Amino acid sequence: MTVLIKGAGVAGLTAALELTRRRIAVEVMDAAETVGTGASNYAGGMLAPYCEREAAEEAVLTLGLSSADWWAEAVPGEVSRKGTLVIAAGRDSVELDRFASRTRGYEWVGGNTIGELEPDLAGRFDRALFFPEEAHLDPRKAMAGLYKTLVEKGVRFHLGSTEPPADTAFSAVVECTGAAAIDTTPGLRGVRGEMLFLETAEISFSRPIRLLHPRHPLYIVPREDHRFMVGATMIETDDDGPITARSVMEFLNAAYAVHPAFGEARLVETGVGVRPAFADNLPQVLEQEDGFSIAGMHRHGFLLAPAMAQQLADRICAGGHEQLYAQGALQ
Ligand SMILES: Cc1cc2nc3c(=O)[nH]c(=O)nc-3n(C[C@H](O)[C@H](O)[C@H](O)COP(=O)(O)OP(=O)(O)OC[C@H]3O[C@@H](n4cnc5c(N)ncnc54)[C@H](O)[C@@H]3O)c2cc1C
C-alpha cells in the first residue's frame, strides 16, 4: 500500500523524500509534464531564517534553522553556505538599523569588510549587515536533484496528469498543490511574486545581496553562468499573469543602484509565482478526509519545506491518519 503525493513542487518532493526515508512507499503525480514548475520554479532559493525573521514569526526562524543541513544531505553539493549581505544606500541607512532591530544572527560590517566579502561592492556601501550562517541554493537544480534521487529510490512519478493512476490502491493522499489549493483550503490566499534573471559577466557575487529600501526592497541571488535572480514583489493577489512593466522598472533601478554594471546586463527571463499563504504566513500540515495537505508555504517554501515534510512524516508514522494503518500502508 502506498501514499500518493499530489504536486511535485518543493513541498511535494521534500515530503516524498522524507516519507521514503521512513520506508513508506510513495508515488508522486503532477499536472505539469515536469517537476518544479509552480512557484518553486521562480524562488530565490534563499535559506535565510534570520533575514526572514525581520518580517516573519519566530517559528520561521526556529523551523528554518536546520533547513540548510537538510538540503545539503538531500542534494549534495547544491547548498552554498556563504551567508547573506544586507545593504542600503546611504540615504536609506536607517533601514539597516530597523532591519537589525527586528532580527538576530548578524554582524555589522564596514566598507572594508563589504569589499572583502564582495569585491564588486568595494567602495560602494559604508556599512552592512552580514548574516554568516545563512545559505542559498538554486531551486531548479535542487528540484532536479530531488527528482533524480527519488527516481533512484524507486518512487514512481505520474507527470502531466491530474487523475490518480488507476493501477495503484492508495492508502492516503498528501495534497501539495501550492496555489491551486487556494480555492479549496479555507483561509489560504495568494501572494504574487515577480522576479527576473539578469545575465552579466561584469559582476560576481558569492552570496545573496539584499538591498533595503523604504518602498522597493529587493534581493539579488547569484546563480551559475553569470546569472542573477532578482526579486521579488509581494502583491496580495493570486493573479499569475506576466510581470508588470512597473515591477521590471523597479527591479532594474534597484539592481542598477547595487551596481551600475547591471545596466548593461541582459534581461534573460522574467517570471511570476503565486505563493500560497495563511493569515499568519506560516505553513501547515492539515489533516484531510483522505490524508493530509501541506499548505501555505508563502515565501518560505525552500526554507521550511524540510520541517513541514518531517512534521508530515512524524504524523503519518505516529498514526496521525488511522486509515493508513487500517489499510496496511504502515506497520
Ligand atoms: C518570486 C519568488 C521568490 C521566492 N523566493 C524564495 C526563497 O528565496 N526562499 C524560499 O524558501 N522560498 C521562496 N519562495 C517561496 C517558494 O517558492 C514557495 O513557498 C514554494 O515554491 C511553494 O511550494 P509548493 O510546493 O507549495 O507549491 P508549487 O511550487 O507551486 O508546486 C505545486 C505543484 O502542484 C502542481 N499541481 C497543482 N494542481 C495540481 C493537481 N490538481 N494535480 C496535480 N498536481 C497539481 C503544480 O503543477 C505544481 O507543480 C519564493 C516564491 C516566489 C514566487
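Just follow the structure's listing: the first ligand is 1, and inside any ligand the first atom is 1. These figures come from a predicted structure and were not determined experimentally.
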Give me the other members of the hydrophobic cluster that I235 sits in, counting Ile, Leu, Val, Met, Phe, Trp and Tyr linked by side-chain heavy atoms under 4.5 Å, directly or via other members.
none
Shared-cluster residues of V191, by chain and number - hydrophobic side chains joined below 4.5 Å
M234
Using a strict cut-off of under 4.0 Å between a residue heavy atom and any atom of ligand 1, list the qualifying protein residues by chain and number.
G7, G9, V10, A11, D30, A31, T37, G38, A39, S40, Y42, A43, G44, G45, M46, T162, C176, T177, G178, A180, G193, M195, Y219, A232, G273, R275, M297, H298, R299, H300, G301, F302, L303
Return the set of residues passing salt bridge (charged side-chain N to carboxylate O under 4.0 Å, His left out) with K153 (not counting sequence neighbours), or none when no residue passes.
none
With a 3.5 Å cut-off and no angle check, do the side chains of E52 and H300 form a donor-acceptor pair?
yes
Can you tell which of L282, V285, V10 makes a side chain to side chain contact (heavy atoms under 4.5 Å, CB included) with M308?
V285
Flag the pair F262 / F228 as yes when their ring centroid distance falls below 6.0 Å, and as no otherwise.
yes
